[in-house]
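Quick caveat, the model's predicted, so the values are computed rather than measured.
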Amino acid sequence: MADSAVKLTDTIPEDVKNNLGTRRIVSLPEANFPDADQIVRDGAVARKTESKADVMLVNPPAPDGALWIRTQHRVGRRTRENMVWPQVSLAQMAALMVPEYTVAVSDAMAERMSWPDFEDYLREVRPKYYLTQVTAPTLTNDMYGVFLAKSLGAVTIGFGTHVTPVARETLRQFPALDYVLRGEPEMTLRELVDTLEAVNGRWDIGEEGKLCDPKTGQWLEGQSRIWKMWQEDATWKPAWTYPNEAMGQVAEENANGFNGTAKSFNKAHGTATKAIKKATKKKGAENFVLPVLPAKPVSAYDGAQPSYDQLAAIRGLSWRWNSEIISNWDRHFFESLDDLPMPMHHLLPFDKYRMPMIKGKFTFIVTSRGCPAGCKYCIKHVSYQNSVRLRSPKLLVEEMKLLKDLGIVHVHMYADLFTVNRDQVMELCDLLIEEDLGLTWTCNSRVDYVDEELLHKMGKAGCMLISWGIESANEMVLKRARKGYKKEQAHKALKWAKEAGIKNWGYFIIGLPGETVDSIKETMAFSKEVDLDIALFHVAAPYPGTPFFFEVIENNWFRSGTNWEEVDMDKGTVLDYENLSAEELMYWQKRAFREWAFRPKPIWTMLRSMNTWQGFRSAIDIGLQTLGWVGED
């Protein structure tokens with residue numbers, strides 16, 4: 001065919017023949033595309049070594065530019081009250097990683113970062129490990145940050161109340177996510193990072209499996225602080241001590257250099273390619289079986305991979321192994337919160353955090369974890385459950401002194417239930433009265449976990465506001481939700497608090513199982529009877545893993561086509577009951593708030609909060625948001 005094509009050119013006119021585009025058509029060549037992988041990778045490695053942090057702990061930007069309330073053992077929700085929550089859980093985990101690892105905490109939500117701004121910051125930091133919170137209403141949004149970090153070569157890790165009960169499905173849907181830390185994340189995070197770094201030769205393994213700095217031979221200081229907490233599990237064995245042939249290979253490559261291995265690969269690859277070309281030109285080439293080209297070896301720069309046994313040994317971890325997704329045994333709750341190091345509060349943007357009726361810089365202090373109550377809808381069922389553990393009052397006061405030195409003027413006592421242990425609260429109050437730190441504080445509680453003496457002591461010690469989980473005024477709804485208090489207890493508790501000089505903030509839930517229009521009206525009337533300074537009405541949200549979630553599934557109350565992002569207690573619902581549709585629940589939520597808020601006392605409370613420029617701006621913003629929200633169809 002090629003010869004006949006050349007002969008045809010004899011009949012082509014001279015002016016056309018002289019056209020430079022006229023050429024002989026050559027035989028079809030073998031495909032041989034250029035390979036620039038190694039050059040690009042070498043460049044990527046050069047950038048990676050300029051990382052400003054080993055571990056980056058992230059509260060990612062908002063999905064819609066609004067303010068969202070998120071933290072380690074809470075669900076995510078939009079906030080109408082302009083409240084910005086301090087990310088103390090990130091500061092706590094950062095404290096567990098030092099001094100061996102450099103850390104960066106990014107509260108992009110509080111900083112009001114856009115996604116482009118956050119991407120620029122991520123490129124600047126280029127962390128080795130990217131740890132992000134994950135909640136149901138922000139799932140896709142959170143995974144976008146994971147995707148960006150993965151594209152920059154980071155190991156990506158998720159934790160929080162959504163991925164704990166839905167770990168395998170989250171990993172399946174979002175391949176950029178490498179690991180999930182289920183339950184309490186602190187010990188799992190440290191063991192995972194220590195294992196990955198030991199596999200890659202950063203640390204030596206010493207006596208009893210303890211990791212040592214190869215330069216000094218000293219036991220890692222950060223690991224020594226938490227070794228006791230790991231050993232509370234009698235079956236625990238350090239994951240990095242399990243067999244892994246790659247650890248020896250990395251050591252050899254680090255000693256001999258990777259260039260020799262790369263040259264061997266290039267030579268073998270070239271020889272195989274030539275053999276293929278030669279064989280395909282011979283007679284009978286149609287019967288030629290294409291050989292598999294030699295695999296390119298992974299360099300020490302890419303990092304050796306942990307073995308199956310090593311990853312399987314890390315309690316509380318969900319991970320990938322080839323095409324399989326594996327969830328290990330749950331990690332035991334560690335026994336004492338006093339064993340945790342002091343959170344690295346100074347890494348947080350205190351000037352960005354705010355709370356209604358609070359002036360000046362404030363933050364959270366964790367006083368306990370867990371709650372003995374059984375409320376079906378509470379996310380504590382997938383975080384700390386019934387494992388009540390307290391921090392000592394003396395340690396809490398030490399932390400408050402540290403915060404005062406950082407310019408903090410107000411502290412929120414952050415717990416599933418602050419008054420879970422009366423003795424702890426009474427001792428803390430006595431110490432605060434004795435120390436006279438000049439800090440004010442707030443907390444949460446239940447109306448059946450306080451008494452008159454306790455509340456008066458709390459008021460004297462600086463407590464200025466309590467947020468109460470009242471939820472409903474209908475005893476049948478309360479009993480079915482396993483809330484378990486009596487209406488008269490609410491009247492007494494709020495009255496005692498007011499007498500002690502403490503403001504009352506009430507939370508209500510519209511749409512718990514058994515709800516009717518009459519029970520909603522009963523709750524609305526009750527909210528106006530009790531002495532509240534602030535009230536918020538949420539729609540019941542069946543977050544995955546809660547008993548309420550399984551009840552909704554069993555009774556087919558989920559609205560068809562529901563996405564995780566729609567499970568939002570504040571501005572949406574996914575519930576369709578036989579007697580109350582999603583639209584009706586939203587209507588009653590807005591009506592309940594409107595009838596409570598647009599009365600003289602709540603309006604006066606709002607006006608009094610305008611005694612600073614920040615308070616004025618916040619009050620106006622809250623008012624506009626509320627008017628827009630209650631006016632929606």
Side-chain angles (χ1 to χ4, degrees), residues 55-63 68 70-77 89-90 93 108-109 115 118 122 127 129-151 154-189 191-193 196 306 311-312 314-331 379-385 541-546 548-550 552-553 558 561-569 574:
V55 184
M56 183 175 176
L57 305 101
V58 174
N59 183 30
W68 287 68
R70 294 152 49 97
T71 190
Q72 177 173 314
H73 70 288
R74 292 295 183 199
V75 297
R77 70 170 178 89
S89 57
L90 300 183
M93 285 187 279
M109 189 80 68
W115 273 109
F118 181 74
L122 188 59
Y129 300 95
Y130 176 91
L131 177 71
T132 183
Q133 296 199 73
V134 185
T135 61
T138 59
L139 176 60
T140 304
N141 176 81
D142 302 339
M143 290 300 108
Y144 180 62
V146 167
F147 167 79
L148 291 176
K150 192 66 179 176
S151 72
V155 174
T156 55
I157 308 168
F159 76 98
T161 53
H162 181 74
V163 292
T164 288
V166 197
R168 285 189 293 267
E169 188 63 12
T170 306
L171 285 165
R172 184 188 69 80
Q173 290 181 339
F174 300 97
L177 183 63
D178 295 318
Y179 300 101
V180 163
L181 313 177
R182 302 191 324 277
E184 283 186 313
E186 292 93 350
M187 298 295 100
T188 307
L189 172 64
E191 187 173 5
L192 173 63
V193 173
L196 295 177
L311 290 177
I314 301 176
R315 294 285 183 94
L317 185 71
S318 294
W319 48 288
R320 305 175 189 278
W321 188 256
N322 298 325
S323 59
E324 186 179 3
I325 295 174
I326 300 168
S327 280
N328 299 342
W329 290 98
D330 290 337
R331 183 173 292 276
I379 201 65
K380 69 107 179 186
H381 291 282
V382 296
S383 55
Y384 307 137
Q385 302 179 333
Y543 290 104
T546 61
F548 181 33
F549 170 83
F550 294 112
V552 168
I553 294 294
F558 260 117
T562 294
N563 296 318
W564 287 122
E565 284 80 357
E566 298 173 76
V567 184
D568 179 3
M569 68 169 72
V574 297

**OP:** Considering only NZ, NE, NH1 and NH2 on the basic side and carboxylate oxygens on the acidic side, decide whether E191 and R315 come within less than 4.0 Å.
**Re:** no
Subject >> Geometric class of the F118/W115 ring pair [parallel <30°, tilted 30-60°, perpendicular >60°] >> reply: perpendicular
**OP:** Heavy atoms only: give me the nearest N328-I314 pair and the separation to one decimal.
**Re:** ND2-O, 2.7 Å
Original post:
Can any side-chain N or O of T156 pair as donor or acceptor with the backbone N or O of Y130 at less than 3.5 Å?
Top reply: no
Original post:
Is it true that a side-chain atom of D142 and a backbone atom of P60 form a donor plus acceptor pair closer than 3.5 Å?
Top reply: no
Original post:
Counting distance only, does the side-chain N/O of T132 pair as donor-acceptor with the main-chain N or O of G158 below 3.5 Å?
Top reply: no
Original post:
Which atom names give the shortest non-hydrogen contact between P544 and V382, and what distance separates them?
Top reply: O-CG1, 3.8 Å
Original post:
How close do D178 and V155 get, heavy atom to heavy atom, and via which atoms?
Top reply: OD2-CA, 3.5 Å
Subject >> Verdict with supporting geometry, S318 and R182, side-chain hydrogen bond (donor to acceptor under 3.5 Å, both in side chains) >> reply: CA-CA 7 Å; S318 294; R182 302 191 324 277; 3.0 Å; yes
Original post:
Any donor and acceptor pair, going by atom type alone, linking the side chain of T546 with main-chain N or O of P542 inside 3.5 Å?
Top reply: no
Original post:
At their closest point, which heavy atom of Y129 faces which heavy atom of V193, and how far apart are they?
Top reply: CE1-CG1, 3.9 Å
**OP:** Would you confirm whether R320, through its side chain, and L177, through its main-chain N or O, come within 3.5 Å as a donor-acceptor pair?
**Re:** yes
Subject >> Backbone N/O of T161 and side chain of T164: donor-acceptor pair under 3.5 Å >> reply: no
**OP:** Apply the test side-chain hydrogen bond (donor to acceptor under 3.5 Å, both in side chains) to residues T188 and R331: give CA-CA distance (whole Å), side-chain angles for both, the deciding distance (0.1 Å), then the verdict.
**Re:** CA-CA 8 Å; T188 307; R331 183 173 292 276; 2.7 Å; yes
